[in-house]
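Within every chain, numbering begins at 1; the chains are lettered A, B, ... in the order of the sequence lines, protein sequences first and strands thereafter. Predicted model, so just to flag it, every value in this text is computed and none were measured.
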Protein chains: 2
Amino acid sequence: MASRAKATILDIAREAGVSKSTVSLVLQGSGLIRPETAVKVRKAIEDVGYVYNRGAANLRKAHSNVIGMVINDLTNPFFAELAVGMERVFQAAGIVPFIANTAENPVRQEEVLKSLMEQGVAGLIVSPARGTTPGAFRRIEAAGVPVVFAMRRLPESRIPAIAPDNHRGAYLATQHLIGKGHRRLAFFGGSSDLVVYHDRLGGFLEACEALGISAADRTIVEGETSRRGGMACLETALAAPEPPTAALCFNDAVAFGAMLALRKRGLEAGADFAVVGFDDVAEAEHYMPALTSVAVDSAGLGERAAHVMLKMIQSRTTRAEDHIGAVSLAVRESCGPDRNARGAGMGDAA
Amino acid sequence: MASRAKATILDIAREAGVSKSTVSLVLQGSGLIRPETAVKVRKAIEDVGYVYNRGAANLRKAHSNVIGMVINDLTNPFFAELAVGMERVFQAAGIVPFIANTAENPVRQEEVLKSLMEQGVAGLIVSPARGTTPGAFRRIEAAGVPVVFAMRRLPESRIPAIAPDNHRGAYLATQHLIGKGHRRLAFFGGSSDLVVYHDRLGGFLEACEALGISAADRTIVEGETSRRGGMACLETALAAPEPPTAALCFNDAVAFGAMLALRKRGLEAGADFAVVGFDDVAEAEHYMPALTSVAVDSAGLGERAAHVMLKMIQSRTTRAEDHIGAVSLAVRESCGPDRNARGAGMGDAA
DNA sequence: TTGATTTATTGGAACGTTCCATTTATAGGC
DNA sequence: GCCTATAAATGGAACGTTCCAATAAATCAA
């Protein structure tokens, strides 16, 4: 049953009594071969247990149909959803994307990119790991392989990026907090080696500026972008002499951490301290209390990134426009009711 | 800057003034070439912007260094952790695993497997999609490519499986519930087209049998393995004339759903109804109330699966032993205190 | 010096496809 | 019947690597 050496089109040719060229034509679904011949060949293919060798084919064809997706943290459902969105599009185009995880490690990322390039990918969609050096994509660009950044981008790079409107999202969230009557605000989590961090922090600061929150009333606590990081941020912030009463968190994980730390202190998110997250992962809605968060539609961004990639491949270019995805604020319970007027209820829409 | 046609070892050879064979040797890190020559060649490689063509190489070498990982649901953090565990092992072995998602769709799975095979993978680690037909791996086995099932397995298949001890996990959880004084028990979620379902349900039933819960006092509600499914299960169960007071859920997602439905009815998990989950995802610990769940160590299982795969590749075999991973019960708040003795507190360990 | 041995390097065939240029078979027009 | 047009099938040269056998150069023993 187990075939010895693996079968090739020559084995098929022999089996079917035709030439290898004919087999090749059948494999490609060419209309040039007589239907009966095609049937005969297809039967032989089945009989010998043939597996198409794409590597050999690419040697001549020059463009493969594989696309690499490089994700910095697969365990974050946010990125997993991004991946799922992309897959939807590629599947329809008959492409199977290969996903690789870098675990936020630039060295690992280097290996992964190298491996994908050696495999001869037609394109690369990347959410770069933190600490990626500007030169990391130089060779790939030189090789003419199209690259798209998703969710994250690099400080100064010509590579097109598909990302949510981080600045506006942060602005909306901050405005919401101020609208609730908060006057001493914090920004929790993240660190300045991420472009996204600057975008989100920038939105926060601009809103503060525009809506009259003085620099003295802003607390900025950098930290890990995880639950643990969020807990630490809250502890740090509350230890200050004049602690903030509300925080915009770098992402939802940080927000969950902050809420956890609040609970540990016997405080309640919403009632005693307002928390807003970023990304609006599925869990946000089901959390207790439900988390107000900036919704970014990651699956939609994934689809968009995939479309851009397809277009780049089709038009054989390595350049494309950036795309900034719309965001909205999903208002839930973690900011409580209006702080001035008791019993306000339904506030800002998004 | 952008190279025209992509560089090959012949271009390197010309640039460095050596033969292609020498370049090939350098590429493979052979000790046969003079160090100075190697340096010269490596410089040329850099200069021409060379990208190794693994497809061409595999044409001769016959074994690639890529391993495919086929996951049925990437958005479930449980599977993402499995993937991460595998990656740890493969990374150390200098292998980059390519992950592909099937979204629980057998047709998609077929495509994905085909594509991976055409790419010439050295092995396949698969968590099969629900509804996978027994014949789906026939061709792959015939081609002599080693396959390992992870987390899930197929009804009658000779392919080795790495999975947690589902039966024992369910038994432990059920025992725990009965120990708390519950006498009318339910099993929520899942459906009988999954082998895992039979394993878990089997453990539940065996515990009931052994500990004196009669068939009349057991409620079994099949359902989607998601939050939504869990909500539906709870509604169905509570609608019965003599409703259960506790439930073992097929997985954590179902458990979260059940707890959500309880809350909607103004009931509280732990106090009014006991809930146990399965898988012990990260969220279980942080949920409100914290979810008691069967911990399966998915990352550990991923590592194990990867090791088995490496061994199979090394010894050129397609057979290996199954591996059943140890499980333990992570006791938290969702089952409340002991039902008979008030104020019991610390109960069963795992 | 000569031959044997070791060390570096090299040409060429092979791997499994595709695709172009041909060849062979079939049909049509007169 | 012959010539041309169309349809179907084919051989051979590429593609970029590896690896074997062979060569060339350097070292050593006598």
Side-chain angles (χ1 to χ4, degrees), chain A residues 3-42 44-45 48-66 114-115 117-122 143, chain B residues 3-42 44-45 48-66 114-115 117-122 143:
Chain A
S3 54
R4 288 296 97 231
K6 47 191 64 181
T8 76
I9 52 169
L10 282 125
D11 298 310
I12 300 171
R14 198 177 316 116
E15 181 84 7
V18 298
S19 78
K20 62 178 171 40
S21 304
T22 304
V23 178
S24 176
L25 257 3
V26 172
L27 248 17
Q28 303 171 61
S30 160
L32 287 178
I33 32 82
R34 201 152 41 106
E36 306 115 75
T37 312
V39 168
K40 198 171 51 175
V41 170
R42 266 190 274 273
I45 288 177
V48 302
Y50 172 72
V51 177
Y52 184 73
N53 184 334
R54 204 169 284 278
N58 285 342
L59 219 44
R60 294 258 352 184
K61 291 211 300 187
H63 50 272
S64 70
N65 70 159
V66 357
K114 180 153 169 277
S115 184
M117 284 298 289
E118 292 181 354
Q119 228 47 242
V121 292
Chain B
S3 54
R4 286 298 98 230
K6 47 191 64 180
T8 77
I9 52 169
L10 281 127
D11 299 311
I12 300 171
R14 198 177 316 114
E15 181 84 7
V18 297
S19 80
K20 63 175 172 41
S21 304
T22 304
V23 177
S24 177
L25 258 3
V26 172
L27 245 21
Q28 302 174 61
S30 161
L32 286 178
I33 33 81
R34 198 152 43 104
E36 304 116 75
T37 311
V39 168
K40 197 170 54 178
V41 170
R42 266 189 274 271
I45 288 177
V48 302
Y50 172 72
V51 177
Y52 183 74
N53 184 335
R54 202 169 286 277
N58 285 342
L59 219 44
R60 294 260 350 186
K61 290 212 298 188
H63 50 275
S64 71
N65 69 159
V66 358
K114 178 151 169 278
S115 183
M117 285 299 288
E118 291 180 354
Q119 227 49 237
V121 292

*Asks:* For DNA chain C, whose closest nucleotide is more 5', that of B/Ser19 or that of B/Arg60?
*Replies:*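 With B/Ser19 and B/Arg60 compared, the 5'-side residue is B/Ser19.
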*Asks:* Please classify the nucleic acid contact of B/Thr8 as base, sugar-phosphate, or nothing, using heavy-atom distances under 4.0 Å.
*Replies:*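 The residue B/Thr8 makes sugar-phosphate contact but no base contact.
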*Asks:* Applying a 4.0 Å non-hydrogen cut-off, can you work out what B/Leu25 is touching in the nucleic acid: base, sugar-phosphate, or nothing?
*Replies:*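 Touches a base.
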*Asks:* So, OP1 or OP2 of D/dA8: does either fall under 4.0 Å of a side-chain N or O from A/Thr37?
*Replies:*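 The answer is no; no side-chain N or O of A/Thr37 sits under 4.0 Å from OP1 or OP2.
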*Asks:* Using 0.5 Å steps for rounding, measure from the CG atom of B/Asn58 to the CD atom of A/Gln119.
*Replies:*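 Going from CG on B/Asn58 over to CD on A/Gln119, the span is 7.0 Å.
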*Asks:* Please lay out, stage by stage, how B/Val51 and B/Lys6 fare under the test side-chain contact (heavy atoms from CB on, under 4.5 Å).
*Replies:* CA-CA 8 Å; B/Val51 177; B/Lys6 47 191 64 180; over 6 Å; no
*Asks:* Without decimals, in angstroms, what is the distance between B/Leu59 CG and D/dA14 P?
*Replies:*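 Result: 17 Å.
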*Asks:* Is the shortest heavy-atom distance from the side chain of A/Thr8 to the side chain of A/Asn53 under 4.5 Å?
*Replies:*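 Side-chain contact under 4.5 Å: no.
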*Asks:* Rounded to whole Å, please give me the gap between CG in A/Asn53 and P in D/dT17.
*Replies:*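 One finds 15 Å between P of D/dT17 and CG of A/Asn53, rounded.
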*Asks:* Can you tell me if A/Arg34 touches the phosphate of D/dA9, counting only side-chain N or O atoms and a distance under 4.0 Å to OP1 or OP2?
*Replies:*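 Checking D/dA9 against A/Arg34, a side-chain N or O does come within under 4.0 Å of OP1 or OP2.
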*Asks:* In this structure, how many angstroms lie between the C1' atom of D/dC15 and the CG atom of B/Leu10, rounded?
*Replies:*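 Value for this atom pair: 11 Å.
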*Asks:* A quick test of your reading: do over 12 heavy atoms of other residues, nucleotides or ligands sit less than 6.0 Å from NZ of B/Lys114?
*Replies:*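 Counting neighbours around NZ of B/Lys114, 12 or fewer heavy atoms of other residues, nucleotides or ligands fall under 6.0 Å, so no.
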*Asks:* To the nearest Å, give me how far apart CG (A/Asn58) and P (C/dC19) are.
*Replies:*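 That distance rounds to 11 Å.
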*Asks:* Does a nitrogen or oxygen in the side chain of A/Ser21 sit under 4.0 Å from OP1 or OP2 of C/dT18?
*Replies:*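 The answer is no; no side-chain N or O of A/Ser21 sits under 4.0 Å from OP1 or OP2.
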*Asks:* Could you walk me through whether B/Asn65 and B/Arg54 satisfy the side-chain contact (heavy atoms from CB on, under 4.5 Å) test, starting with their C-alpha distance in whole Å, then the side-chain angles of each, then the deciding distance to 0.1 Å, before giving a yes or no?
*Replies:* CA-CA 9 Å; B/Asn65 69 159; B/Arg54 202 169 286 277; 3.5 Å; yes
*Asks:* So does A/Thr22 get a side-chain nitrogen or oxygen closer than 4.0 Å to the phosphate oxygens (OP1/OP2) of D/dT10?
*Replies:*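 Yes, A/Thr22 has a side-chain N/O under 4.0 Å of OP1/OP2 on D/dT10.
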*Asks:* I want to check one thing: is the phosphate of C/dC19, taken as OP1 and OP2, less than 4.0 Å away from some side-chain N or O of A/Gln28?
*Replies:*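 Yes, such a contact exists.
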*Asks:* What is the separation between atom NZ on B/Lys61 and atom C1' on C/dC15, rounded to the nearest whole Å?
*Replies:*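 Going from B/Lys61 (NZ) to C/dC15 (C1'), I get 13 Å.
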*Asks:* Rounded to whole Å, please give me the gap between CD1 in B/Ile9 and C1' in C/dC15.
*Replies:*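 The answer, rounded to whole Å, is 14 Å.
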*Asks:* Roughly how many Å is it from CD in B/Gln119 to P in C/dG16, rounded to a whole number?
*Replies:*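 From B/Gln119 CD to C/dG16 P: 17 Å.
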*Asks:* Looking at the base of D/dG12, is there any donor atom on it, or on the side chain of A/Lys20, that sits under 3.5 Å from an acceptor on the other one?
*Replies:*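 Per atom types, the contact qualifies.
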*Asks:* How close or far is atom C1' of C/dT10 from atom CZ of B/Arg14, stated in whole angstroms?
*Replies:*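 Those two atoms, CZ and C1', are 16 Å apart.
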